[in-house]
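Presented below is the structure to which this report refers.
Just so it is clear, the model here is predicted, and its values are computed rather than measured. Position 1 is the first residue of the sequence; numbering continues from there.
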Amino acid sequence: MPFTLDDLDARIAQRAMASPDESYTAKLLARGVEKCAQKLGEEATEAVIAAVMDNPGELAKEAGDVLYHLLVLLRATGTPLSAVMEVLESRQSQSGLAEKAGRKPL
């Protein structure tokens, strides 16, 4: 059975309960939302660089880091992965261009 985002989310939930001295995940969460967001930004930048440098192997590694850090940030903010998946599912009924055109400005 393939490893899924739900599997990763469950592992993060489990590691979040550990001591920050024993778990990188717990340590990140203990440092707060700002640190979790910073780490996601760093990993996203590294993924962009790997893509631009046409390095698929490195991009795969960095993409894994992006997904991990995104799920940690979601946990830090109390946003369940299921909420993200509901948003993505709701977008399946229309084209990406139509969905984007219908967004309200921030």
| query | With E42, which residues qualify under salt bridge (Lys or Arg N to Asp or Glu O under 4.0 Å), at least two apart? | reply | K39
Identify every side-chain donor-acceptor pair in residues 48-61 under 3.5 Å, counting partners at least two apart or on other chains, and give the distances.
| residue | atom | partner | partner atom | Å |
| --- | --- | --- | --- | --- |
| N55 | OD1 | E58 | N | 3.1 |

| query | Roughly how far apart are S23 OG and L28 CG, rounded to 0.5 Å? | reply | 8.5 Å
| message | Has S90 got a side-chain atom pairing as donor or acceptor with V87's backbone, closer than 3.5 angstrom? | response | yes
| query | Restricting to pairs with a member in residues 62-72, which pass salt bridge (charged side-chain N to carboxylate O under 4.0 Å, His left out), not counting sequence neighbours? | reply | none
| query | Any chance NZ of K27 has more than 12 other-residue heavy atoms, nucleotides or ligands included, within less than 6.0 Å? | reply | no
Show me the donor-acceptor pairs, under 3.5 Å and distance only, between side chains in residues 66-80 and residues at least two apart or in other chains.
| residue | atom | partner | partner atom | Å |
| --- | --- | --- | --- | --- |
| Y68 | OH | T25 | OG1 | 2.7 |
| T77 | OG1 | L73 | O | 3.2 |
| T77 | OG1 | L74 | O | 3.0 |
| T77 | OG1 | T79 | OG1 | 2.9 |

| Does M85 belong to the same Ile/Leu/Val/Met/Phe/Trp/Tyr cluster as F3, with side-chain heavy atoms less than 4.5 Å apart forming each link? | yes
| task | Hey, could you give me each pair passing side chain to side chain donor-acceptor pair (under 3.5 Å) that has a residue in residues 7-19? Not counting sequence neighbours. | result | T4-D7
